[in-house]
Amino acid sequence: MPLREAEKSYNSHRIEEKVQKFWEDHKIYQKTNKMREDKPKYSFLDGPPYCSGRIHLGTAWNKILKDTYLRYKSMNGFSIRRQAGWDTHGLPIEHKVEGILGLKSKKEIENTIGIDNFVKKCKEFALENKKIMTQQFKSLGVWMDWDNPYVTFDTKYMESCWWTLKRAHEKDLLVKDLRVITWCPRCETALAMAEIDYENKEDPSIYVKFPLMDTENEYILVWTTTPWTLPANMAVTVHPDFEYVYVAVKGEVYLMAEALVDSLFAEDDYEIIRTLKGSQLEGLMYQHPLKDEIPEQKGFEHKIILGEHVTLTDGTGCVHTAPGHGPEDFEIGKKYGLDIFCPVDEAGMFKSEAGKYEGEFVKEADNDIINDLNSKNLLLKRETITHRYGFCWRCKTPIIYLATEQWFLKITEIKDKMLYELENISWVPYWSGDNRFRNWIENARDWTISRQRYWGIPIPIWICEDCKKIDVVGSIDELKQKTVKGTLKGDFIHRPHVDEIFLKCSCGGNMKRTPDVLDVWIDSGVAGWASLHYPQETELFEKWYPYEFITEGHDQTRGWFYSQLGCGMVSFDKSPYKKVLMHGFTLDEDGRKMSKSLGNVVEPEEVIDEHGVDILRFYLLWGNKPWDDLKFNWEEVKNVSKMFNILWNVYVFSTTYMSLDNFDPTRYNENQLKFRKEDRWITSRINSVGKIVSKSLEDLHFHKATRSINKFIIEDLSRWYVRLIRGRTWIEKEDPDKLGAYYTLYNVLKSLITLMAPITPHITEDMYKNLVLGVNKEAPESVHMLEWNVQEDLIHEDLEQDMDVLRDIIEACARARDLARYKLRWPVSEIVVVSEDHNILNSVESLKKIIIEQANTKNLVTSTEFQDLRINALPNMKTLGPKLRGNVPKVAKILESTDGDKIREELKLNGIYKVQIDDLTVELTEEDIVFETELPENVANADFNGGSVYVNTRITDEILSEAMSRELIRRIQDMRKDLDLDVEANIHVYIQCSDHFKDLIHDFKNFISHEVRAKTFDFAEEKADYTKKWKLEDEEILISIKKK
RNA sequence: GGGCCCGUGGCUCAGGCGGUAGAGCGCACGGCUGAUAACCGUGAGGUCCUGGGUUCGAAUCCCAGCGGGCCCA
């Protein structure tokens, strides 16, 4: 079966739809995997996207990076594991469901609809989104196992997760502790560091006077932006090494850091009474400023303590310390044995211990507290400040710090091992691991893993109600065996059912589950083995674990890269992954984050609708380095689109002529065909590109691969090779020279689609079906089943270099002709290429034929210098003027009439040139003469890198004949087009013109006929289908065409 | 305050083992017309963020700073 002529224009949508249907109907993905299942394994783990809505451009980029790399590895003969994953638990989905159901608090969830229904709704919601998102990913052409993904709410998955918790317990890494943590008062739960967003926020900024004990009118000056934490104040911290002063202002005395006095009192008359080192202040007692409002506070002693964390950047150098509301305060409080006073409940309301403020929401109490301080004359100054503050990542409520009991994973104890393990992971780019991730781990604290919520993996810890002993359950079987009260409904281990299971303690007491669920980052952190259901099943685990490769965005430094490493260390003392690509974010055109509130979100669908999937894919891998943030830019997408049009045009060009000639590449072998140097060149080029693409994809430098392909298609293939072979495609008959071009073009296209298949899987599949399957039914069913094939032995670097030189020269010829306003269609009699570099001249000689053809010249000469250049000698007025004065014009005249070359030779030989003016002999030195070169008439010149070209534009009769013939051809072609004739249709041509013109083109009649496919060519008047009058130079000509 | 990344023509970005600054888009001018809702050529346009240092030579390496982004405190 012959090749089919391609559709005239590139219709990405139709192709992509067709190809995706083909993959689906013929199970191409499954077959491709099956085909390679015995090959060496390459395991990959998909970072599970969160199922709370539709995908965005960044998610699309992420999957496209994965897909391209894995398709590449697959073609390179690896058996790939590429199971899709879904992250389904946690607050974001709970929030959306709360919104849908109109619920506003935990109380409403528990009492209005019940935990059971709530959890069911969450699951439904996640499933629905999973379905939508799966469809979206599929439409991007992403090949993953969508039918058997891992899902974090699957019972088996959760069971594996329990096992990891049990491992943590066995290693003594699980601990319940009272600590100050970040807390969302709306969601009433702990938040991990990864769940906090930082944004600007306006807050009060107040300076408060804490009365010193046993004195009158002496105060410690304290600064805070969270007045609501003052009720919990237990101490004031100063830096042991700073200088502190007692400063008298307007009859009162304040204790504060010396360095900050001016920032507060610059405009007042103040007097420094005494200066002390911070360390000397330790133990100094003061009274709580709100002791009357908060009776509970009267029971505590308040002192100055010392801490290194105090800074002088703002405030007073005396830091309000509330161990119940700040991690650092908590740590230092512990060191000094302070009480952890935390009069705030989980919803952010003051409890009864807060006295007067009981029942108020903390942020709303700010004003009352400030007013109370003011009325007691304990407020020095009140301002507002805008600063970075943490917000709950989902509900955007400002976070508070709260001392609560939570479960922790003791990362601080395995941190060193994690850092050690980091050495065994390779990172792209290197700094993402070496610097960024390392820094994150170094600063890691213990991981708060408990959440006081519903939709999540229940923490498998049971606590004895009597002796407080804990038991961590590592599997469902274990749970069933240990259950003494309650039954597991099926294997459903979500809340609330699992809460109804009680175990027996060794002391005889009842064990009840701790009511919390797990931080979702644990969910995804265990994906490596939970997706394989290890340790309950081991077969897949042994085959695929650990993973060769993962890739996610740079936000996952604190997220999945970290949670996986942590969980991996707990479970196996090893990292679950070996190689990481940390990719960037997609931003809008101005480099801002895409967000709904800014209205600058670009949906992947928009791009696909406008241009198509392959163009989106190519663009995303082309726009910049994968690890930099990508500023999405429609203009650039258009650029890519243009490239695809050019590729398609080349494809149309190729298939048009090949199908016309019934070209069947399987019928020939290379010995039967005639290849020219340009054929060997383009073959070399495609393999050079293949080499670069292989290396770049292997290194995950996607941009280098796409850029090299882009350049090849536009410059080498379309702009150059197709141009060079155009003449050959017009030869009719089984000419080995024409077939050599076809054969070369065919194989280049085949190699090209192989190289592009991982990046743009649809267009390449479509072309493959025609180009390869069209002529060979035995070939693999899909381009993606081909082996990656780069033939480095076909690369000829010398030839590629020669061609570069040659293109440069041909461009120079065009430039020279352009300057002389000499049309490219008109031949020239001679072109001289001049260079002092013999390598260049050799290159030209070896590819002479191409230049002759492309520069449209009758003859080509190479030389180290251009003989016909006239050199003129001119007097240098600067030196000769003062010397010769009135004689200068005479010298000039003599120089002008002498051959400049002779003067130059003379100068070279003797160092002087003698001129005779009347009786006077003037000796001219080198500096007295300026040489100027002059082109002979009818020569146009232009420079190229390494030399010059000289184009002889003199028009002879012969030249004119040919030029006129070509002009005529162009007109006839134009008319053919007007008639909308098929490319191969024959015509009859009749010309009416002057005798002179007739004579001019007489010898070219056959040539013209051939070019325009004329069966007959007569100088006669004839009733034709189409007649048109033309003006050629000064001639008026009537051309008539008759269809056959 | 700390860590990381980025800063190259009007725009989007390459280059980045030190050796004459590149591409595409846009703009201007010209050309081509059987790949043609294309295509090609030419030109203008750059303190390679700033300042130091190393060097014969720095966009590139080092230091300091400025601006932007991300992450953290």
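All values derive from a computational prediction rather than experimental measurement.
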Find the partner of B:A59: check Watson-Crick (N1-N3 plus N6-O4 or O6-N4) and G-U wobble (N1-O2, O6-N3) distances, both under 3.5 Å, and reply none if neither fits. none

Here the gap from A:Tyr742 atom OH to A:Thr729 atom OG1, rounded to the nearest 0.5 Å, amounts to 6.0 Å

Report yes or no: do A:Trp826 and A:Glu967 form a side-chain donor-acceptor pair below 3.5 Å? yes

Taking OP1 and OP2 of B:G15, is either one under 4.0 Å from a side-chain nitrogen or oxygen of A:His703? yes

Within less than 4.0 Å of OP1 or OP2 of B:U36, is there a side-chain N or O belonging to A:Lys977? no

Can you check whether A:Asp609's main-chain N or O pairs, donor with acceptor, with A:His13's side chain at less than 3.5 Å? yes

The nucleotide from B:C70, B:G41, B:A73 with an atom nearest the side chain of A:Arg445 is B:A73

Atom-pair distance (CG on A:Leu717; P on B:A38), nearest Å: 19 Å

C1' atoms of B:G43 and B:G7, separation to the nearest Å: 28 Å

Should the pair A:His611 and A:Trp634 be assigned to parallel (<30°), tilted (30 to 60°) or perpendicular (>60°) ring geometry? tilted

Nucleotide forming a Watson-Crick or wobble pair with B:G46, both distances under 3.5 Å: none

Return no unless some side-chain N or O of A:Arg976 is found under 4.0 Å from OP1 or OP2 of B:G34. no

Using a heavy-atom cut-off of under 4.0 Å over every strand shown, decide if A:Leu981 touches base, sugar-phosphate, or nothing. base

Which part of the nucleic acid, if any, lies within contact of A:Asp978, taking any heavy atom under 4.0 Å across all strands shown: a base, the sugar-phosphate backbone alone, or nothing? nothing

With a 4.0 Å cut-off, would you call A:Arg728 and A:Asp679 a salt bridge? yes

Check every strand shown and say whether A:Gly584 touches a base, only sugar-phosphate, or nothing at a heavy-atom separation below 4.0 Å. nothing

Any side-chain N or O of A:Arg815 less than 4.0 Å from the OP1 or OP2 oxygen of B:U42? yes

As its Watson-Crick or G-U partner within any shown strand, both distances under 3.5 Å, B:G24 has B:C11

Spacing of the P atoms in B:A58 and B:G53 (rounded, Å): 11 Å

Which of these nucleotides, B:U42, B:A35, B:G16, is closest to any side-chain atom of A:Tyr657? B:A35

Enumerate the side-chain hydrogen bond (donor to acceptor under 3.5 Å, both in side chains) contacts for residues 705-718 of chain A, please, sequence neighbours excluded, ordered by first and then second residue. A:Arg685-A:Asp716, A:Asp716-A:Arg807

From CG of A:Asp980 over to P of B:U33, roughly how many Å is that when rounded to an integer? 19 Å

Quick one: which of B:A35, B:C40, B:G15 gets closest to the side chain of A:Asn649? B:A35

Mind running a 4.0 Å heavy-atom check of residues 6-14 of chain A against RNA chain B and sending the residues that fall below it, in number order? A:Lys8

Which residues share a side chain to side chain donor-acceptor pair (under 3.5 Å) with A:Lys8, sequence neighbours left out: A:Glu5

State whether the side chain of A:Tyr746 and the backbone N or O of A:Leu771 hold a donor-acceptor pair below 3.5 Å, judged by distance alone. yes

Please check the phosphate of B:U33 (OP1 and OP2 only) for any side-chain N or O of A:Arg825 closer than 4.0 Å. yes

A:Asp699/A:Lys704 salt bridge by N-O under 4.0 Å criterion: no

Shorter than 3.5 Å, N or O on both sides, protein versus nucleotides 3-5 of chain B: list them out with atom names.
none

With a 3.5 Å cut-off and no angle check, do the side chains of A:His554 and A:Ser432 form a donor-acceptor pair? no

By the Watson-Crick or G-U definition, both distances under 3.5 Å, B:C4 is matched with B:G69

Is there a donor and acceptor pair, one atom on the side chain of A:Ser718 and one on the base of B:A35, closer than 3.5 Å? yes

What nucleotide among B:C13, B:A35, B:C71 has an atom nearest to a side-chain atom of A:Lys631? B:C13

Report yes or no: does A:Arg971 contribute a side-chain atom to a donor-acceptor pair with the main-chain N or O of A:Arg966 at less than 3.5 Å? no

Counterpart residues, salt bridge (charged side-chain N to carboxylate O under 4.0 Å, His left out), relative to A:Arg438 (two or more places apart): A:Glu423

Expressed as a whole number of Å, how far does the C1' atom of B:G18 sit from that of B:C62? 13 Å

Within a 6.0 Å radius of atom NZ on A:Lys1028, are there more than 12 heavy atoms belonging to other residues, nucleotides or ligands? yes

Roughly how many Å is it from CG in A:Asp974 to P in B:C32, rounded to a whole number? 12 Å

Check ion pair A:Glu331-A:Lys334 (N to O, under 4.0 angstrom): no

What string of B, S and - do you get for nucleotides 22-30 of chain B 5' to 3' if you count protein non-hydrogen atoms under 4.0 Å? --BS----S

For a quick check of understanding: with a heavy-atom distance under 4.0 Å over all strands, which category does A:Lys711 fall into, base, sugar-phosphate or nothing? nothing

With a 4.0 Å cut-off on heavy atoms, is A:Glu811 in touch with a base, just the backbone sugar-phosphate, or nothing at all? sugar-phosphate

Give the nucleotide from the list B:A14, B:C71, B:C11 with an atom nearest to the side chain of A:Lys625. B:A14

